Amino acid sequence: MAAAPAGPAGQPDSAGPAAASPDPAAQPGFSGPAAVPAGPAGRAISSSVLDGHLANLAAALLPYRRSEELLARWGGELAHRLAAGGRLLVAGNGGSAAEAQHLTAELVGKLRDDRQPLSAIALHAETSALTAIANDYGYDHTFARQVRAHGRRDDILLLMSTSGTSTNLLTAARAAREVGLRCWALTGPTPNPLADACHDALAIDSPDSQVVQELHLVSVHVLCEHLDRVLPAALAAAGERGPGGAVPAVGVAGERGPGGAVPAVGAAGGPDRPVNAGVEVVLDGEVDRQIEAG
């Protein structure tokens with residue numbers, strides 16, 4: 001086979017026929033991807049999408065500024081409840097689920113400055129419980145059953161939905177009221193059933209669900225900012241309340257003192273019963289026989 005013509009440096013001459021690369025578009029049956037319009041026309045298409053989105057966001061921002069007072073109040077209430085040993089439960093579907101989990105991450109972790117971790121649970125994140133409940137009781141009860149399991153009186157349930165019509169969130173709101181939780185909602189435009197079912201609601205006045213979710217995320221951050229500002233005073237107030245403001249110690253089940261209080265178990269397991277290092281079993285009515293661990 002003849003070698004390709006070489007140039008002055010001994011390299012193949014790019015002008016020679018062997019060095020020319022074939023044009024794919026010139027081949028029979030070629031079907032390549034459509035080219036993105038170049039120049040001013042391409043920029044116009046791209047900017048029209050962005051400009052449209054930003055225009056929708058800007059339209060929602062003006063009425064959203066009125067939410068400052070509500071977010072400040074929520075932040076204060078949440079700070080005092082969590083400082084006193086309470087818990088926040090949060091739930092949503094789809095993108096709202098991701099934002100609910102973002103909120104719990106800010107509380108269990110931190111928003112900006114280091115502080116103690118705070119109790120917050122995203123109900124959709126426990127996949128085994130979620131799928132078991134959905135399988136056994138139906139998807140409408142996926143959050144309500146967890147509210148009954150984890151919620152205590154005066155805890156707070158925050159439900160997030162762009163539409164405000166999700167049945168599993170409405171069922172959770174009803175369960176929260178029955179258990180005695182405070183129920184808040186982040187929704188899209190009102191009126192909607194979820195806002196009506198909760199004690200308080202922050203509604204984003206936009207028909208665009210993407211804008212609603214974006215401002216829900218802003219709300220999460222602003223809420224946490226207000227909580228962090230109030231938390232030091234809330235923790236101090238909880239400490240000053242003494243035993244009534246603290247989470248009670250848990251003793252042996254069934255052992256209750258005056259007034260139904262559960263006594264704390266000390267390092268020795270209580271005055272009458274030592275702590276054993278193994279696993280106790282009942283054999284022929286003998287409780288104190290022991291299987292050594294390991």
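Computed from a prediction, not measured in an experiment: that's the story for all the values here.
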(message) Any heavy-atom pair between the side chains of Glu99 and Leu186 that's under 4.5 Å?
(response) no
(request) State the CZ-CZ distance between Arg174 and Arg177, to the nearest 0.5 angstrom. (result) 11.0 Å
(request) Return yes if some donor-acceptor pair links the side-chain N/O of Arg87 with the main-chain N/O of His150 below 3.5 Å, else return no. (result) yes
(message) Ignoring hydrogens, what is the shortest heavy-atom contact between Thr165 and Pro193? Give both atom names and the distance.
(response) CG2-CD, 3.8 Å
(message) With rounding to the nearest 0.5 angstrom, report the OG to CG distance, Ser96 to Leu217.
(response) 11.0 Å
(message) Less than 4.5 Å apart, side chain to side chain, heavy atoms only: is that true for Ile204 and Leu202?
(response) yes
(message) How long is the straight-line distance from CG of Asn56 back to CG of Asp51, given to the nearest 0.5 Å?
(response) 11.0 Å
(request) Test Tyr139 against every option in Asn93, Thr131, Thr167 by the side chain to side chain donor-acceptor pair (under 3.5 Å) rule and name the one that passes. (result) Asn93
(message) Between Asp154 and Arg182, does the salt bridge (Lys or Arg N to Asp or Glu O under 4.0 Å) criterion hold? Intermediate values first, please.
(response) CA-CA 6 Å; Asp154 297 327; Arg182 290 282 297 166; over 6 Å; no
(message) Please verify the inter-ring angle class for Trp184 with Trp74; under 30° counts as parallel, over 60° as perpendicular, anything in between as tilted.
(response) parallel
(message) Is the shortest side-chain heavy-atom distance between Leu158 and Leu78 below 4.5 Å?
(response) no
(message) If the test is side-chain contact (heavy atoms from CB on, under 4.5 Å), which one of Leu227, Thr104, Val108 qualifies with Leu118?
(response) Leu227
(message) With a 3.5 Å distance limit and no angle check, can you tell me whether Ser166 reaches the backbone of Asn168 through a side-chain donor-acceptor pair?
(response) no
(message) As an exercise, state the distance from CG of Leu82 to CG of Asp155, rounded to the nearest 0.5 Å.
(response) 8.5 Å
(message) For the backbone of Leu107 and the side chain of Arg115, can you confirm whether one donor and one acceptor N or O come within less than 3.5 Å of each other?
(response) yes
(message) Any non-hydrogen side-chain atom of Leu169 less than 4.5 Å from a side-chain atom of Phe143?
(response) yes
(message) Taking Cys183's backbone N and O only, do any of them form a donor-acceptor pair with His199's side chain (distance below 3.5 Å, no angle check)?
(response) yes
(message) Checking Ser219 against Tyr64: is there a side-chain donor and acceptor pair closer than 3.5 Å?
(response) yes
(message) Could you tell me if the side chain of Leu123 sits less than 4.5 Å from the side chain of Thr142, heavy atoms only?
(response) no
(request) Could you tell me whether the side chain of Glu106 and the main chain of His102 form a donor-acceptor pair under 3.5 Å? (result) no
(request) Side-chain contact test, heavy atoms from C-beta onward, threshold under 4.5 Å: evaluate it for Glu214 versus Val218 and give yes or no. (result) no
(message) Looking at Arg229 and Gly75, would you say the former's side chain and the latter's main chain have a donor-acceptor pair under 3.5 Å?
(response) no
(message) Any heavy-atom pair between the side chains of Asp200 and Leu70 that's under 4.5 Å?
(response) yes
(message) Is it true that, when you exclude Arg81 itself, more than 12 heavy atoms of the residues, nucleotides or ligands shown sit nearer than 6.0 Å to its CZ?
(response) yes
(request) Under the side chain to side chain donor-acceptor pair (under 3.5 Å) rule, what do His226 and Glu77 come out as? Steps first, then yes or no, please. (result) CA-CA 10 Å; His226 282 295; Glu77 286 186 36; over 6 Å; no
(request) For the residue pair Gln146 and Leu130, establish whether any side-chain heavy-atom pair is separated by less than 4.5 Å. (result) yes
